[in-house]
Amino acid sequence: MNHAINMTQALRVYALVIDKGTKAQDSQQANTQQLNTESDDNSYCYEEMLAWSDYDGYTAYLKYNQVTLTLLFHGKYLLDYPSDAKLAAFIQKLNKLANEVK
């Protein structure tokens, strides 16, 4: 499977989730996702997509359907996913949300 992620698109989705989402602690949708203790305080959830950043804001994260996209400095990224099917669902959700910000 092609794992190419459009960083501009991913960053726009990140901004969308932060802007339109609700704090993950307050969101019923976030309960379906597994949050780690580091992201609980600054996570936002929008249409089941979670977004958060590390303490200095240089690394941003998107999570949906057990797939985590880590957006790193200098346009690099990491994908953590349990199966190609889950990754395909993540990319489909990413594209759907990206269409909201065009």
Side-chain angles (χ1 to χ4, degrees):
M1 171 174 244
N2 182 3
H3 303 292
I5 299 290
N6 179 321
M7 285 294 288
T8 302
Q9 178 184 18
L11 288 168
R12 285 183 179 151
V13 170
Y14 173 83
L16 174 74
V17 174
I18 297 297
D19 291 343
K20 288 191 171 183
T22 58
K23 278 286 220 182
Q25 312 170 310
D26 303 331
S27 173
Q28 294 245 341
Q29 291 175 335
N31 292 333
T32 64
Q33 299 284 348
Q34 294 178 354
L35 295 176
N36 61 35
T37 55
E38 296 170 7
S39 66
D40 285 350
D41 292 338
N42 65 352
S43 293
Y44 289 83
C45 185
Y46 179 71
E47 295 200 15
E48 299 180 47
M49 178 75 78
L50 291 173
W52 71 95
S53 66
D54 62 359
Y55 70 96
D56 60 9
Y58 281 104
T59 305
Y61 303 88
L62 290 170
K63 184 173 185 174
Y64 171 76
N65 198 26
Q66 298 178 338
V67 176
T68 303
L69 171 62
T70 305
L71 304 168
L72 302 166
F73 204 60
H74 295 297
K76 297 184 184 201
Y77 63 88
L78 299 171
L79 277 167
D80 182 27
Y81 57 97
S83 69
D84 285 345
K86 298 257 186 205
L87 178 59
F90 175 86
I91 291 172
Q92 183 178 15
K93 176 64 95 172
L94 190 68
N95 290 335
K96 178 185 176 284
L97 293 176
N99 286 332
E100 286 190 33
V101 291
K102 283 188 174 184

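Fair warning: this is a prediction, and the values are worked out from it, not measured in the lab.
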Show the numbers, then the answer: is there a side-chain hydrogen bond (donor to acceptor under 3.5 Å, both in side chains) between Gln9 and Asn95? CA-CA 8 Å; Gln9 178 184 18; Asn95 290 335; 2.8 Å; yes
What is the minimum heavy-atom distance between [X] and [Y], and which atoms define it?
| X | Y | value |
| --- | --- | --- |
| Val13 | Ala98 | CG2-N, 3.6 Å |
| Ala10 | Leu71 | CB-CD2, 3.8 Å |
| Leu16 | Leu97 | CD2-O, 3.6 Å |
| Gly21 | Tyr46 | CA-CB, 3.8 Å |
| Asn65 | Ala89 | ND2-CB, 3.4 Å |
| Tyr64 | Glu48 | CD1-O, 3.4 Å |

Test of understanding: clusters of I, L, V, M, F, W, Y form through side-chain heavy atoms closer than 4.5 Å, transitively. Do Leu79 and Leu62 belong to the same one?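 Same hydrophobic cluster.
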According to a 4.5 Å side-chain heavy-atom criterion applied to Ile, Leu, Val, Met, Phe, Trp and Tyr, with indirect links allowed, do Leu94 and Val101 form part of one hydrophobic cluster?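 Yes, it is one cluster - the side chains of Leu94 and Val101 are joined through contacts under 4.5 Å.
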What distance separates [X] [atom1] from [Y] [atom2], expressed to the nearest 0.5 Å?
| X | Y | atom1 | atom2 | answer |
| --- | --- | --- | --- | --- |
| Ile18 | Trp52 | CD1 | CH2 | 10.0 Å |
| Asn6 | Tyr77 | CG | OH | 9.5 Å |
| Ile5 | Leu87 | CD1 | CG | 6.5 Å |
| Leu50 | Leu69 | CG | CG | 12.5 Å |

Show your reasoning for whether side chain to side chain contact (heavy atoms under 4.5 Å, CB included) applies to Tyr44 and Lys23. CA-CA 5 Å; Tyr44 289 83; Lys23 278 286 220 182; 3.9 Å; yes
Set of side chain to side chain donor-acceptor pair (under 3.5 Å) partners for Lys20, sequence neighbours left out: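 Once residues adjacent in sequence are excluded, Lys20 has no partner under the side chain to side chain donor-acceptor pair (under 3.5 Å) criterion.
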Does the pair Ser53 and Tyr14 meet the rule for a side chain to side chain contact (heavy atoms under 4.5 Å, CB included), with working shown? CA-CA 10 Å; Ser53 66; Tyr14 173 83; 3.4 Å; yes
Set of side-chain contact (heavy atoms from CB on, under 4.5 Å) partners for Lys96, sequence neighbours left out: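 Scan of Lys96 (side-chain contact (heavy atoms from CB on, under 4.5 Å), adjacent residues dropped) gives Glu47, Glu100.
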Would you indicate whether the side-chain heavy atoms of Met49 and Phe90 approach each other to under 4.5 Å?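 Yes, at least one pair of side-chain atoms sits under 4.5 Å.
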Do Thr70 and Asp80 have side-chain heavy atoms sitting under 4.5 Å apart?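 Thr70 does not reach Asp80 side chain to side chain.
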Evaluate the ring planes of Phe73 and Tyr58, with Trp represented by its six-membered ring, and classify them as parallel (under 30°), tilted (30 to 60°) or perpendicular (over 60°).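 The arrangement is perpendicular - the two ring planes meet at more than 60°.
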